[in-house]
A.B. asks: 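One structure is given below, represented as structure tokens, and several questions about it will come after.
What you see below is based on every heavy atom in this structure, not just the backbone, and it leaves out hydrogens, waters and symmetry mates. First the proteins, then the strands, lettered A, B, ... as listed; each starts at 1.
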2 protein chains.
Amino acid sequence: MTMTASITPVSDTGARIIEAADALYYARGFQAVGMDEVRSVAGVSLKRLYQEFPSKEALVLAVLRSRHAMWDSGIARAVQAASSPRDKLLAIYDYLSSWFGDESFRGCGFINAFGELGTVFPSVAELAREHKDSFQRYVADLVSAAGAPAQLAPQLALLAEGAQTTAAISGNADSAAHARAAAETLIDAALHA
Amino acid sequence: MTMTASITPVSDTGARIIEAADALYYARGFQAVGMDEVRSVAGVSLKRLYQEFPSKEALVLAVLRSRHAMWDSGIARAVQAASSPRDKLLAIYDYLSSWFGDESFRGCGFINAFGELGTVFPSVAELAREHKDSFQRYVADLVSAAGAPAQLAPQLALLAEGAQTTAAISGNADSAAHARAAAETLIDAALHA
DNA sequence: CACTGTAGAGAACGTTCGTTCTCGATGTCA
DNA sequence: TGACATCGAGAACGAACGTTCTCTACAGTG
């Protein structure tokens, strides 16, 4: 799975810059990648880069917003492909599994951004919080549609979060299957309660 | 809970440096903290700093090793205080809950380090992998002592990982309770199978 | 053709970083 | 006391960063 921006970019050039910056930041971290390298990979001039994104912080935020949109649409696509409410919940972990298989996978970009920039850029911490919040609400809607008690939702979300960091650090995708199996147990227990 | 180094330090000065560097790195990220700030907070000269740790990479690795030792001893203390095998498993989440309550809590230091430095310093990625591996083995031992099937262990570990990142980004400690509740469900389901 | 505005290439600027070097003060042992 | 090692304070160095500025080329318009 290669992530490419699909949501209405500010401009064509802006999208190319975001795509290049996202790949570089995600692979190596934010502080390790300079504006000049982004400029070089994106194939634009430094002047153009700064007229699209007036600072590195602005570029980082744009990258995170694009990542959020790709996450949302990827999950939504996987969930819509499932038929039963129970399968829709489990589709989350199938989506994770295919993501973890990507050779460039290196964990959740928001967790990485939060750890590296959360203190120095409060706007980054806020965006990460919004992203995780939105995921929690999405899971809560699916849980509610499945007729399961509300407290199941944060539990299923925890499994997804844990699977992402575990897969990133261990370097293998097994955690998606473990999360899926645990989710099945939790869902069934909640429905039979 | 304030984390202070408790394991045999290389030297008294080395321990002070590690403690200062750990607090700074954990609070603001690694690249955002320079050697000079570590020197200043630790109250040592730059010369002494470099003779204890010949490079920033060496200091970062020492900080991570100290964090690993504190994590291990903190978990072990909480687990030993519980009596039944089931309660020993749940003690992990009680330990997390008290950690999340610390005002300085900002997620798992190894996940943060992996995201920021994992690519640029392979040694950091390896240390993070070892840390998570050691935790997985520890949980597996507790699961085995409880007479539960082995596949329960990675599921319980996922809950712990997810709770850490969720607590960090959301800024509240509820995820520990959610993880504990989910763990109870998974344990009971595994024991009644 | 002249004129004007815009663009790209990249030099330049000021700051910060990791690391090393200098220098003066202090302490130790014969 | 004097010779010598050791130390802290901080200057210094080279590299890299984020950001801005300069210069040249050229497109479009009369």
Side-chain angles (χ1 to χ4, degrees), chain A residues 9-64 112-113 115-125 127, chain B residues 9-64 112-113 115-125 127:
Chain A
V10 172
S11 76
D12 199 46
T13 306
R16 260 223 323 287
I17 295 173
I18 288 179
E19 193 177 351
D22 182 45
L24 290 168
Y25 289 160
Y26 184 63
R28 308 220 312 271
F30 296 90
Q31 316 247 38
V33 175
M35 295 298 269
D36 203 64
E37 194 172 359
V38 172
R39 172 206 63 81
S40 153
V41 172
V44 301
S45 72
L46 215 46
K47 181 187 266 181
R48 201 166 191 75
L49 207 179
Y50 272 93
Q51 91 189 25
E52 295 275 351
F53 305 100
S55 68
K56 183 170 184 176
E57 179 177 5
L59 176 56
V60 166
L61 293 176
V63 162
L64 291 179
N112 296 347
E116 182 170 357
L117 302 176
T119 306
V120 66
F121 290 147
S123 52
V124 168
L127 221 54
Chain B
V10 173
S11 77
D12 200 45
T13 305
R16 259 224 321 290
I17 295 173
I18 287 178
E19 193 177 352
D22 183 45
L24 291 168
Y25 289 160
Y26 185 64
R28 308 220 311 271
F30 296 92
Q31 315 245 38
V33 175
M35 295 297 269
D36 204 63
E37 194 171 358
V38 172
R39 173 206 63 81
S40 154
V41 172
V44 301
S45 72
L46 216 46
K47 181 189 267 180
R48 203 167 190 72
L49 207 179
Y50 272 93
Q51 90 190 26
E52 296 274 353
F53 306 99
S55 68
K56 184 169 183 175
E57 179 176 5
L59 177 56
V60 167
L61 293 176
V63 162
L64 290 180
N112 295 349
E116 183 169 356
L117 302 176
T119 306
V120 66
F121 290 148
S123 52
V124 168
L127 220 55

A.B. asks: Could you tell me how far apart B:K56 (NZ) and C:dT20 (C1') are, to the nearest whole angstrom?
C.D. replies: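 Those two atoms, NZ and C1', are 17 Å apart.
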
A.B. asks: What nucleotide, of C:dG18, D:dC7, D:dG18, holds the atom closest to the side chain of A:Y50?
C.D. replies: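 Nucleotide nearest to A:Y50's side chain: D:dG18.
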
A.B. asks: Roughly, in whole Å, what's the span from CD in A:E37 to P in D:dG18?
C.D. replies: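 Roughly 10 Å, once rounded to whole Å.
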
A.B. asks: A:L46 has a side chain; which of D:dT19, C:dC17, D:dT22 sits nearest to it?
C.D. replies: D:dT19

A.B. asks: Using whole Å, what does the distance between atom P of nucleotide D:dG18 and atom CD of A:Q31 come to?
C.D. replies: 8 Å

A.B. asks: What pair of heavy atoms forms the shortest contact from A:F30 to A:E116, and how long is it?
C.D. replies: N-OE1, 3.2 Å

A.B. asks: Mind listing the closest non-hydrogen atom pair of B:A125 and B:G118 along with its distance?
C.D. replies: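 Closest approach of B:A125 to B:G118: CB-O, 3.6 Å.
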
A.B. asks: Separation of B:L59 atom CG from C:dC17 atom P, in whole Å?
C.D. replies: 15 Å

A.B. asks: Can you measure A:F30 atom CZ to D:dG18 atom P for me and round it to whole angstrom units?
C.D. replies: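 Rounded to the whole Å, the gap is 13 Å.
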
A.B. asks: Any donor-acceptor pair under 3.5 Å between the side chain of B:K47 and the base of D:dG8?
C.D. replies: yes

A.B. asks: How long is the line joining CE of B:M35 and P of D:dA16, in whole Å?
C.D. replies: 18 Å

A.B. asks: For B:Q51 and D:dT6, give me the distance from atom CD to atom P, rounded to whole Å.
C.D. replies: 10 Å

A.B. asks: At under 4.0 Å between heavy atoms, what does A:V33 touch on the DNA or RNA strands: base, sugar-phosphate, or nothing?
C.D. replies: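 Sugar-phosphate contact only.
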
A.B. asks: Under a 4.0 Å threshold between the charged nitrogen and the carboxylate oxygen, would B:E52 count as salt-bridged to B:R16?
C.D. replies: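 Between B:E52 and B:R16 there is no salt bridge, as every charged N stays at least 4.0 Å from the carboxylate O atoms.
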
A.B. asks: Quick check: on DNA chain D, is the nucleotide nearest B:S45 upstream (toward 5') of the one nearest A:P54, or the reverse? Name the residue that is more 5'.
C.D. replies: B:S45

A.B. asks: Could you check how far CG of A:L49 sits from C1' of D:dG18, rounded to whole Å?
C.D. replies: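 Between C1' of D:dG18 and CG of A:L49: 11 Å.
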
A.B. asks: Which heavy-atom pair separates A:V38 from A:V33 by the least distance, and what is that distance?
C.D. replies: CG2-CG1, 3.9 Å

